Participant: 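Encoded as structure tokens, here's the structure I'll be asking about.
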Amino acid sequence: NIFRILGDLSHLASIVILLRTVQKTRQVDGISLKTQLLYVLVFCTRYLDLLTFRWKSVYNTLMKMVFIGASVRVIQLIQECKTRNAVAYKDMMARDTFQIKYLVGPCAILALVFNYKFTVLELCWSFSLWLESVAILPQLFMLSRSGKAGTLTTHYIFALGLYRALYIPNWIWRYYTEGRLEKLSVFTGLLQTALYSDFFYIYYKKVIKGAGFELP
Amino acid sequence: EDKLLEHDEL
């Protein structure tokens, strides 16, 4: 359906925006390495089914490979910045202070409690859903502490939030046309959207009222 | 139940 396609495309757009900008400008200003590392973990644990070779469609398989590849490439580019622009890298690391163990640990426990089947594949899949829902927190934490967001960060988070928002009408659509209600995805998806709404609210206020950028 | 295990979303 249209919501699903548009959602996936904005997800793809968010990563392309990030990749292209970092590649072109060699700037990682305002980007959280921790959030990016969490996304690599999210994609690798979610798309483990690629290894079973029970592929659903060309679209599905290709997108999964692109998401894994692009997220790893982002990390590579950030690491390249380490040698190229040591000062900017150090500055980024000094501000990227969120403790990700407080996200990974609880997500692992939630995956053990909420899953469809107690198998490695299903546990990893559930873990990836929980982790994705909170993976942006180090990034938002960084923004709230610096009090300002660059164009790159803003566009990136905007595209990511759009992807999340579009998945909601997609689920409603699928519920009515296919009778499908996948509770884990819906719940973690709503949780993730709620986190983004905070960003959107502040962004809206900043754009409309021209006030300084701040997150509660 | 089996349909839910398909995980066809990204």
Side-chain angles (χ1 to χ4, degrees), chain A residues 1 3-5 7-12 14-15 42-43 45-50 52 54-57 59-68 70 115-119 121-126 128-129 132 163-164 166-168 170-171 173-174 178-186 188-189, chain B:
Chain A
N1 65 64
F3 304 111
R4 166 74 197 280
I5 295 282
D8 286 347
L9 286 181
S10 50
H11 195 185
L12 194 62
S14 72
I15 300 187
V42 164
F43 291 136
T45 47
R46 181 163 317 161
Y47 302 152
L48 271 180
D49 64 330
L50 283 175
T52 65
R54 283 154 73 185
W55 297 350
K56 279 142 204 108
S57 65
Y59 171 80
N60 194 279
T61 308
L62 218 66
M63 288 292 260
K64 286 176 176 175
M65 289 173 169
V66 168
F67 282 135
I68 295 176
N115 55 71
Y116 293 127
K117 218 176 184 181
F118 213 81
T119 61
L121 227 63
E122 284 302 311
L123 290 178
C124 283
W125 180 80
S126 173
S128 81
L129 286 188
E132 187 192 357
Y163 140 66
R164 263 303 137 192
L166 284 163
Y167 256 64
I168 295 172
N170 158 59
W171 292 321
W173 181 279
R174 295 192 74 173
E178 299 168 39
R180 181 191 166 100
L181 181 68
E182 214 256 76
K183 287 177 192 145
L184 253 176
S185 290
V186 172
T188 55
Chain B
E1 180 76 9
D2 279 346
K3 241 189 152 186
L4 289 179
L5 290 176
E6 270 179 23
H7 308 320
D8 58 356
E9 287 175 351
L10 297 162

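Just so it is clear, the model here is predicted, and its values are computed rather than measured. Protein chains get the first letters and strands the later ones, always in sequence-line order, with residue 1 at the start of each. Values below: all heavy atoms of this structure, side chains included; hydrogens, waters and symmetry mates excluded.
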Participant: With a 4.5 Å heavy-atom cut-off, do A:Arg46 and A:Leu129 have their side chains touching?
Facilitator: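 Yes, side chains in contact.
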Participant: Between A:Asn60 and chain B, which part of the residue has a heavy atom less than 4.5 Å away: side chain, backbone, both or neither?
Facilitator: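 When you check distances to chain B, atoms from both the backbone and side chain of A:Asn60 fall under 4.5 Å.
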Participant: With a 4.5 angstrom heavy-atom cut-off, could you sort out which part of A:Tyr47 is near chain B: side chain, backbone, both or neither?
Facilitator: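 Only the side chain of A:Tyr47 comes within 4.5 Å of chain B.
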Participant: In Å, rounded to the nearest 0.5 Å, how long is the span from CZ of A:Arg174 to CZ of A:Arg4?
Facilitator: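 CZ of A:Arg4 is found 6.5 Å from CZ of A:Arg174.
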Participant: Name the orientation class of the two ring planes belonging to A:Trp173 and A:Phe3 (parallel below 30°, tilted from 30 to 60°, perpendicular beyond 60°).
Facilitator: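 Perpendicular, since the angle between the ring planes exceeds 60°.
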Participant: Is it the side chain or the backbone of A:Trp55 that comes within 4.5 Å of chain B heavy atoms, both, or neither?
Facilitator: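 For A:Trp55, neither part sits under 4.5 Å from chain B.
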Participant: Which distance, rounded to the nearest 0.5 Å, do you find between the CZ of A:Phe118 and the CG of A:Leu123?
Facilitator: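 Going from CZ on A:Phe118 over to CG on A:Leu123, the span is 5.0 Å.
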Participant: Working to the nearest 0.5 Å, report the span between CG of A:Asp49 and CG of A:Leu121.
Facilitator: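 If we round to the nearest 0.5 Å, A:Asp49:CG and A:Leu121:CG are 6.0 Å apart.
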Participant: Considering only heavy atoms, which portion of A:Lys64 lies under 4.5 Å from any heavy atom of chain B: side chain, backbone, both, or neither?
Facilitator: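 Contact with chain B: backbone and side chain both.
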Participant: Is chain B contacted by the side chain of A:Arg54, its backbone, both, or neither, given a heavy-atom distance below 4.5 Å?
Facilitator: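 Answer is neither: A:Arg54 stays 4.5 Å or more from chain B.
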